[in-house]
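Contents: one structure, followed by commentary.
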Amino acid sequence: MKLLTINIDKCTGCRACEYACSFVHTGVFNPLDSRIRISEFLDDFVFIPSVCTQCEDAYCISVCPTYALSKNTQTGVVEFDSDKCVGCKQCIISCPWGSIRLNHTGKELIKCDMCGGDPECVKVCHAKALEYEEVEDMVMDKKHRNAIRYKELIAQQQGV
Amino acid sequence: MLKGGYVGKILRVNLTNGNVMTEDINEKWAEMYIGGRGYGTRVMLEEVDAKVDPLSPDNKVIIATGPLGSTYAPSSGRVMVITKGALNGAIACSNSGGHFAPELKRAGYDMIIIEGKAPNPVYLWIYKGAVQIRDASKLIGENVKKTDAFLKKNTHPEAGTLEIGPAAEKLSLISNITFDGHRAAGRTGVGAVLASKNLKGIAVKGNLGIAVADNEAFAKAVYSARSFLSKDPFSGNGAAVLGTSMLVNIINGLGALPSFNASDAYFENADNISGERLAAENLVRNEGCDSCPIACGRVTEIRKGKYKGEHGVGPEYEPIWALGSMCGVDDLDSVVMASYLCDDYGLDSISAGATVACAMDLYEAGYIPKDDVSFELKFGSPDALVEAVRLMGEQNTPFGKLLAQGSYRLAEHYGHPEFSMSVKKQEFPAYDARAIKGIGLGYATSNRGACHVRGYTIPTEIFNRKVDRLAYEGKAELTKTMQDLTAALDSTGICLFTTFGLKAKDIAAMFEAATGFKCDADEFVKKGERIWNIEKIFNLKAGFNMFDDALPERLEKEPIKTGPSKGEVTDLSRMLPEYYKIRGWDENGIPKQDKLQELSIEDLI
């Protein structure tokens, strides 16, 4: 399964992802319609993207009274069917990440749909803060990086 | 009907009487002048007497965006400030990156025209169709960062802001306008013009979407442009790793880094203030302007010495040069500190550094009496540098006040204007015109005074193997081409750095797809030529003439002393007449009738 991963250290705060997301979903450039949002902390120049994590046991799905949200077991994406939505906003309240929200009209619900397996936000992220990768690859990569750190620590202790 | 790219509205704020109006964009002007810099200059020609005192209420300030802003077009977050500049009274367009421009567009305006003068210090808050003129008396004397924080706290945490610092409030002629507390429209003294209107800042938050004329064509053009940018060594990787200051070692290696107030063009200790050193010792992270894949911005801190713990953004290549080699200073932490101070006070760090260098030169030559300065103002002294910038920013001593007026007024005051390394009273930037001939022609003919970003010939002159940087031949043509292309691309709202990877046709394709205006590469550059010519017309009306298209005497008479370009001087007369001719101007540099007709601007002169 592939995941949209975020590397906070690499984000430059350019917000091209917000533009790309809103444009591909609505045909208009408006960060308020973007499924991915950047929080910026200008004091320290830290930029933190946040987007739906496609939970396995998603709060939004369990609280939705009209079954508008469902887990696609093949792609792993938590899918949203706007035809079934009555706008009760329980999902917004229940999502711990703020990943489901209302668009610029303040009425319609939006959430990340992974662009059907080819996320537009990743394509415009030149800093590679956003990547779309296999979970296993990411896990291996992390394991390996940590292993290198331990190896170096051990080498230091042994005075090599 | 405007099809996309533009919002279609202009906000007009008269600060004298508090009137706020919304007007439609003139569609014909949009097509002829693109937007931003071009459109703004056309408005200035229409509405402002070119002879007006830049600091009088009759001058206007236009804060403008371009049709590519607030989209994912690469590096499209540019905002332009168009006015009659305080430093020299020429047409000023000073640009900045950041996120202000897209917020302004999404708030429903392509530009703001500011007129008159408020009775008391004020700031503007623009949100959801409402414009409030709010009291700013509490903000007087506050530095740039704190003003930005105040504006965001009192309006919206994600508002785009612009603000002036204490230097501008006291009408320093080299004061800037800062955007979001850390990106600046630095040159030509635009800060003082805003201050003369009693306008301390603007905060704006948008919630509208920006549409383009042809979605499919726009996506195609943008992705193609982004891929070109990622392949170029500078815009693809170099700028992200080393920032613009990667140029310090490159330019010094050519013997083209003006040093000691341009009495030399080679700085022996350049490596101490290089991009590599900055990356190793001070860099915390990169920061990017709106939609920018290049992300040249530097977030930095000082980790040792007496300024340990200070942090901020930059310095870029230009401030490193101005506050570094130009002053003969090779202590990077002091250069970084001086740059932070410029940012806090709201000073143009190019002019500020070059002015300190001029003062050091005058002092060492014995033209500044020892009584005027309380410390040893010598080349190479890091402490003198930092102290001089402080005096310039505070302006609470007569000498500090003089420094804040820029190098020309300073040198003139002490009877030696030839010590000012300026054209049209504006200090030239970090490339020595003796060692790279074409850029000298650019300095001399730039409509806003000496400047590298009006016609950036540097990449062609130093990286293109077919071009000899020391030759005069072909430089008139090159300068004109870059000036016209830059005028057009500035006006679309994208950054000049995109030209490292993009050609005119790539930008024209994005412009056409966004606006629906038919435009190929030739037509795009023609629009740029039209913009260049109307800027020139404004300057002619303001009283400038061919004698103002001149370089500082030093560059033509004093050979470079050391380094790879040793012995070089420059000779503007070997390029300027040809330049006028290629421009379709007469020998006095006045546009000829047939050129004006070709550009459909014959009614403007």
Side-chain angles (χ1 to χ4, degrees), chain A residues 6-50 98 101-108 110 115 118-131, chain B residues 4-5 69-77 97 99 102-103 105-106 145 148-149 152 157-158 161 180-182 206-212 215-216 218-219 222-223 226-227 229-230 235-237 240 284-301 311-313 514:
Chain A
I6 296 172
N7 188 334
I8 291 165
D9 285 339
K10 290 184 182 171
C11 179
T12 66
C14 84
R15 296 165 180 266
C17 53
E18 296 185 345
Y19 287 125
C21 181
S22 65
F23 190 57
V24 79
H25 286 100
T26 69
V28 170
F29 294 97
N30 190 345
L32 294 181
D33 293 344
S34 171
R35 280 71 175 155
I36 184 166
R37 291 308 306 272
I38 310 290
S39 303
E40 66 175 20
F41 299 89
L42 272 182
D43 285 346
D44 307 302
F45 287 95
V46 171
F47 309 99
I48 301 183
S50 81
R101 40 193 286 267
L102 296 173
N103 76 351
H104 77 278
T105 63
K107 288 184 180 147
E108 292 165 47
I110 51 174
C115 296
D118 186 17
E120 198 78 3
C121 53
V122 174
K123 291 186 212 164
V124 294
C125 187
H126 289 239
K128 296 207 177 343
L130 301 173
E131 290 191 275
Chain B
S70 190
T71 72
Y72 63 3
S75 320
S76 56
H99 299 275
E103 288 298 346
K105 274 184 89 166
R106 293 197 295 272
K145 249 189 190 166
D148 172 50
K152 284 185 165 68
E158 288 183 349
T161 70
D180 290 320
H182 70 287
N207 57 356
L208 307 171
I210 302 298
V212 290
N215 285 13
E216 212 172 302
F218 190 68
V222 166
Y223 276 111
R226 283 180 166 265
S227 121
L229 285 172
S230 63
S235 56
N237 193 26
V284 179
R285 58 194 296 124
N286 291 9
E287 185 253 346
C289 295
D290 214 63
S291 214
C292 183
I294 304 172
C296 69
R298 317 270 87 187
V299 179
T300 55
E301 64 189 6
H311 60 98
V313 292

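Letters go in sequence order (proteins before strands), and every chain restarts at 1.
- Most heavy-atom pairs under 4.5 Å with chain A: of the set B/Glu287, B/Lys152, B/Arg226, B/Glu301, this distinction falls to B/Arg226.
- Looking only at heavy-atom pairs under 4.5 Å with chain B, the residue among A/Cys125, A/Pro31, A/Ala127 that has the most is A/Pro31.
- Looking at every heavy atom in both residues, B/Ser291 comes nearest to A/Tyr19 through OG-CD1, 3.8 Å.
- Contacts between A/Ala20 and chain B at a heavy-atom distance below 4.5 Å involve backbone atoms as well as side-chain atoms.
- Looking at A/Asp44, the atoms closer than 4.5 Å to chain B (heavy atoms on both sides) all sit in the backbone: N, CA, C or O.
- With chain A as partner, the option from B/Gly297, B/Cys289, B/Ser70, B/Pro157 having the largest number of non-hydrogen pairs under 4.5 angstrom is B/Ser70.
- From A/Leu32, atom CG reaches atom CG of B/Leu208 across 9.0 Å, with rounding to the nearest 0.5 Å.
- Here the NE2 atom belonging to A/His104 is positioned 12.5 Å from the CZ atom belonging to B/Arg106, to the nearest 0.5 angstrom.
- More than 12 heavy atoms of other shown residues, nucleotides or ligands fall within 6.0 angstrom of atom NE2 in A/His25.
- Scanning residues 9-18 of chain A against chain B with a 4.5 Å non-hydrogen threshold yields A/Asp9, A/Cys11, A/Thr12, A/Gly13, A/Cys14, A/Arg15, A/Ala16, sorted by number.
- Residues A/Phe29 and B/Val212 are in side-chain contact: their nearest non-hydrogen atoms beyond the backbone lie under 4.5 Å apart.
- Here the NZ atom belonging to A/Lys123 is positioned 8.5 Å from the OH atom belonging to B/Tyr72, to the nearest 0.5 angstrom.
- Proximity to chain B involves both the backbone and the side chain of A/Phe45, based on heavy atoms less than 4.5 angstrom apart.
- Taking every heavy atom of both residues into account, B/Tyr223 and A/Glu120 meet most closely at OH-OE2, 2.8 Å.
- Using a 4.5 Å cut-off between heavy atoms, B/Val313 touches chain A through its side chain atoms alone.
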